[in-house]
Amino acid sequence: MKHFLGFVKKELYHIFRDSRTLVILFGIPVILMILFGYVVTTEVKNARIAILDYSKDEVTRKIIDKIGSTDYFIIAKYLQSQKEISETFRKGQAKEVIVFEPGFGQKLKREKKASIHLVADASDANSANLVVAYTSAIINDYLLKENKAVAMPMQIVTESRMLYNPELKGVYMFVPGTMSMILVLICALLTSVSIVREKEMGTMEVLLVSPLKPAQIVFGKVAPYILLSFINVITILLLSNFVFGLPVKGSVVLLLAESMLFIILALSIGITISSSTSNQIVAMVVSMLGLMLPSIILSGFIFPIDNMPLWIKWICWLNPTTYFIIILKSVMLKGLGFLSIWKETAILAGATIILLVISIKKFKVRLEN
Amino acid sequence: MMLPIILVVPLVQLLILVNVATMEIKHIKVCIIDNDLSTTSRDLCSKFNNSRFFVVKDMVFEMDKALVMVENNKADMVLQIPSGFERSLMRENTAKVQVLFNAINGTVAGIGSSYVTQIIAGFNRDIITQRVGISPGLGEQGSINIIPAFWYNPDMNYKVFMVPAILVLLVTIIGMALSAVNIIREKEMGNIEQINVTPIRKAHFIIGKLLPFWIIALFMLGFGLTIGKLIFNIPMVGNLALLFVVAALYLLVIQGIGLMISNSSNTFQQAIFSSFFFIIVFIMMSGIFTPTDSMPRWAQIVNYINPIAYFMKLIRMILLKGSGLMDIYKDLLILLFYGLAVLSIAVNRYRKVV
């Protein structure tokens with residue numbers, strides 16, 4: 001036991017001596033949450049648009065003022081002719097050009113009908129869609145206010161309620177995602193690279209001939225990382241509670257227990273990777289591409305799994321992070337108990353046991369060689 | 001081991017990422033509670049059944065059951081038509097429906113609820129025309145005919161938007177991470193001392209280290225463009241030579257940063273984590289998924305020094321909109337000076353001592 005504690009101590013020294021990696025490890029979750037909370041938003045805000053007004057009358061001026069006065073749009077440019085539209089887009093100066101036909105106001109008054117063309121730069125299709133929808137809404141709103149006198153018969157009123165996340169904040173998606181990503185990063189990537197490093201440096205042999213048992217070596221290697229990951233989980237939870245106002249709705253104990261399960265799973269993946277490679281670059285690339293990337297893009301963290309083609313959905317269902325994110329969302333955001341997540345928990349537990357057995361077996365083989 | 005990774009990774013990345021990275025929202029799972037069971041309510045339900053955005057998963061009668069479906073992710077939204085819906089619509093000229101959305105993914109909920117509003121509004125117009133016989137919108141003041149046009153991507157194909165972004169990711173990873181890791185390995189292995197005692201000048205040594213990855217990254221870009229054209233048929237409106245010029249300049253910046261990282265790291269792990277950190281932060285801020293215009297002011301200022309943001313913007317402009325040299329020369333100059341500055345700082349700070 002004394003040997004073992006000494007080993008853990010040595011490992012902790014290694015980690016704390018590398019202050020830069022530590023700063024990055026604790027910095028990543030904080031920065032990611034700030035980015036996702038404030039920067040990466042799909043809403044339309046301050047979108048630059050251009051106006052091509054062939055009519056220049058009172059009505060068009062009113063509409064333009066109304067559009068320009070919202071937070072959604074900034075009128076960046078007034079065009080003189082149709083030719084300038086493509087130039088404006090090519091230079092990236094505007095996302096949308098609003099074209100009023102000649103004699104717009106007069107037509108509206110006399111013929112009761114006039115046209116506005118909304119030309120959108122759909123090289124970014126989603127924003128083009130939103131920009132056009134917002135502009136149409138503003139124009140329709142203008143018309144509605146002018147048409148106040150006419151009452152509409154038979155109105156269906158839609159009452160929408162947003163469950164769990166009434167303000168549609170982005171953090172709700174990203175807290176569970178960031179948490180699982182950071183756990184994969186620390187437990188799988190860091191562990192596998194650090195074990196392979198001992199092999200590459202030749203120090204692994206020194207450890208193997210020491211009186212420590214192989215299981216003790218492995219456990220001693222990973223124990224500090226368990227501590228690191230746990231601190232990170234708690235940091236993320238505190239941040240989401242105090243900075244983003246997102247408390248844990250369900251049981252905190254359950255949440256921490258599930259996180260612990262996932263930490264052990266990720267660690268056993270890391271150990272398995274490290275025992276099948278002997279080169280840091282390979283270990284890094286395998287854990288980056290085989291683990292990090294799937295845990296970001298194939299787990300429902302950023303992209304909803306429902307939209308994916310079937311063959312990719314299967315990859316997602318093979319990815320443990322997918323289940324962990326479901327668990328986190330259920331406990332943190334929906335406040336559900338263990339009964340609703342026992343299936344996901346069972347899958348994670350099963351995978352952990354299988355991987356632990358594999359990794360310990362593989363490690364022994366190395367010793368006998 | 002290295003070569004297959006360099007060749008296979010972009011292929012896998014393109015095939016998977018392009019299919020995955022879609023923010024197109026379709027197949028929203030609906031659970032309907034129709035407590036009215038009238039002709040009108042049934043018509044409304046069938047509107048949802050026929051929409052390509054919605055899949056009606058189940059019809060139940062109690063709210064509790066519907067909410068359990070939302071909890072278990074079997075439904076994304078609940079549409080409740082209260083009893084007396086039809087009567088109230090006919091007699092009191094107004095009726096309510098309730099829509100509950102699982103809003104954990106705010107984007108899906110936001111866009112989804114706008115689809116719901118559209119469907120119900122369309123249904124509403126139909127009923128009014130049917131029962132009352134006037135076409136709404138033709139008020140006393142006249143109507144405005146809004147005609148949208150979507151240039152460059154009329155089918156609103158999201159892949160057209162994502163393929164260039166993934167090429168950026170590819171070039172960045174090769175350019176930065178691999179350059180950073182390459183030199184650190186020599187350091188860790190102790191080879192660097194042997195190189196340092198040779199008469200080779202440090203600029204030559206660094207150029208020799210960076211040039212292969214510069215070439216590989218440009219080659220990968222070509223490879224990725226070919227796949228993008230063959231498999232996803234993305235448009236290439238602009239001048240490809242110009243795109244390669246942009247990429248070549250961009251790589252100077254990104255390799256310079258990679259070099260700085262490897263200069264200041266002592267171990268492989270440090271180098272990996274630093275470049276991972278750099279890439280993930282700057283990729284998210286570069287406008288890969290969301291427009292940079294709607295980011296807060298401070299983020300837009302940070303983006304002036306974010307090389308990925310420049311390349312992300314330029315590759316889309318050139319490929320999709322056909323922007324020419326005259327449209328983008330300012331950004332090109334910025335990239336050029338940026339690259340030269342970063343590289344010379346990095347070379348200067350490289351010491352031939354350990």
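Order of the sequence lines sets the chain letters (A, B, ...), proteins ahead of strands, with each chain counted from 1.
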B/Val99 side chain reached by A/Arg161 side chain, heavy atoms, under 4.5 Å: no
Proximity breakdown for A/Ile305 and chain B, heavy-atom pairs closer than 4.5 Å: neither
Smallest heavy-atom separation, A/Ala122 atom then B/Phe150 atom, equals CB-CB, 3.7 Å
Is there a donor-acceptor contact under 3.5 Å from the side chain of B/Glu92 to the main chain of B/Ser88? no
Measure A/Tyr72 against the heavy atoms of chain B and call it side chain, backbone, both or neither at under 4.5 Å. neither
With only heavy atoms counted, which part of A/Leu190 is less than 4.5 Å from chain B, the side chain, the backbone, both or neither? both
Interface moiety of A/Ser127 toward chain B, non-hydrogen atoms closer than 4.5 Å: side chain
Can you name the one residue among A/Val97, A/Ile49, A/Ile98 that meets side-chain contact (heavy atoms from CB on, under 4.5 Å) with A/Leu118? A/Ile98
Is any side-chain heavy atom of B/Phe276 closer than 4.5 Å to one of A/Ile24? no
Please classify the contact between A/Leu25 and chain B as side chain, backbone, both or neither, with a heavy-atom cut-off of under 4.5 Å. side chain
Roughly how far apart are A/Leu310 CG and A/Cys316 SG, rounded to 0.5 Å? 10.5 Å
Quick one: which of B/Val97, B/Thr94, B/Ile28, B/Val78 has the most heavy-atom pairs under 4.5 Å with chain A, could you say? B/Val97
Segment of B/Ser274 engaging chain A (4.5 angstrom heavy-atom cut-off): both
Heavy-atom pair count under 4.5 Å with chain A, highest-scoring of B/Val281, B/Asn72, B/Ile288: B/Val281
What one should report as the nearest heavy-atom pair of A/Met162 and B/Ala103 is CB-CB, 3.7 Å
Of A/Glu87, A/Glu111, A/Lys95, the largest count of non-hydrogen pairs under 4.5 angstrom with chain B goes to A/Lys95
Is A/Tyr164 close to chain B through its backbone or its side chain, or both, or neither, when contacts mean heavy atoms under 4.5 Å? side chain
Could you pull out the closest heavy-atom pair between B/Asn19 and A/Trp311, with the gap in Å? ND2-CZ2, 3.8 Å
Please find the pair of heavy atoms, one from A/Arg90 and one from B/Asp327, that lie closest to each other, and give the distance. NE-OD2, 2.9 Å
Of the listed B/Val160, B/Val68, B/Asn73, the one with the largest count of heavy-atom pairs under 4.5 Å with chain A is B/Asn73
Under a 4.5 Å cutoff for heavy-atom pairs, which residue among A/Ser86, A/Gly27, A/Ser194, A/Ala133 has the most contacts with chain B? A/Ser86
What part of B/Leu320 gets closer than 4.5 Å to chain A, counting heavy atoms only: side chain, backbone, both or neither? side chain
Applying a strict 4.5 Å limit to non-hydrogen atoms, the region of A/Met181 in contact with chain B is side chain
Please classify the contact between A/Ile312 and chain B as side chain, backbone, both or neither, with a heavy-atom cut-off of under 4.5 Å. side chain
Any chance NZ of A/Lys313 has more than 12 other-residue heavy atoms, nucleotides or ligands included, within less than 6.0 Å? yes
Which residue out of A/Ile296, A/Leu32, A/Ile85, A/Thr135 racks up the most heavy-atom pairs below 4.5 Å with chain B? A/Ile85
Can you find a side-chain donor-acceptor pair between B/Glu86 and B/Thr40 that sits under 3.5 Å? yes
Looking at A/Asp124, A/Val193, A/Leu333, which makes the most heavy-atom pairs under 4.5 Å with chain B? A/Asp124
What I want to find out is whether B/Lys321 reaches A/Asp121 closely enough, with some N-O distance under 4.0 Å, to be called a salt bridge. yes
Below 4.5 Å from any heavy atom of chain B, which atoms of A/Ile315 appear? Answer side chain, backbone, both or neither. side chain
Chain A contact via B/Ala109 - which portion, at a heavy-atom distance below 4.5 Å: both
Exercise: identify the closest heavy-atom pair between A/Gly92 and B/Met317: N-CE, 3.7 Å
If you compare all heavy atoms of B/His27 against all heavy atoms of B/Asp76, which two are closest, and at what distance to 0.1 Å? O-OD2, 4.2 Å
Under a 4.5 Å heavy-atom cut-off, does chain B meet the side chain of A/Asn129, its backbone, both or neither? both
Under the 6.0 Å and 45° cation-pi test, does A/Arg48 pair with A/Phe73? no
So for A/Ile31, is it side chain, backbone, both, or neither that comes closer than 4.5 Å to the heavy atoms of chain B? side chain
Hey, which of B/Trp298, B/Phe161, B/Phe123 has the most heavy atom pairs under 4.5 Å with chain A? B/Phe161
Under 4.5 Å from any heavy atom of chain A - which part of B/Val70: both
Heavy-atom pairs under 4.5 Å with chain B: which of A/Glu159, A/Arg197, A/Lys45 has the most? A/Glu159
A/Leu22 versus chain B, the contacting section by heavy-atom distance below 4.5 Å: neither
Please examine the side chains of A/Glu101 and A/Ser115, heavy atoms only from C-beta on, and report whether any two atoms are closer than 4.5 Å. yes
Using a cut-off of under 4.5 Å for heavy-atom pairs, which of B/Asn102, B/Asn153, B/Ile104 has the most such pairs with chain A? B/Ile104
So for B/Phe101, is it side chain, backbone, both, or neither that comes closer than 4.5 Å to the heavy atoms of chain A? both
Per-residue tally against chain A (heavy atom, under 4.5 Å) across B/Ser265, B/Gly287, B/Gly324, B/Ser113 peaks at B/Ser265
Verify whether one side chain among B/Thr292 and B/Gln300 offers a donor that lies under 3.5 Å from an acceptor in the other. no
So, the part of B/Lys313 with a heavy atom under 4.5 Å from chain A: the answer is neither
Structural part of A/Val132 lying under 4.5 Å from a heavy atom of chain B: side chain
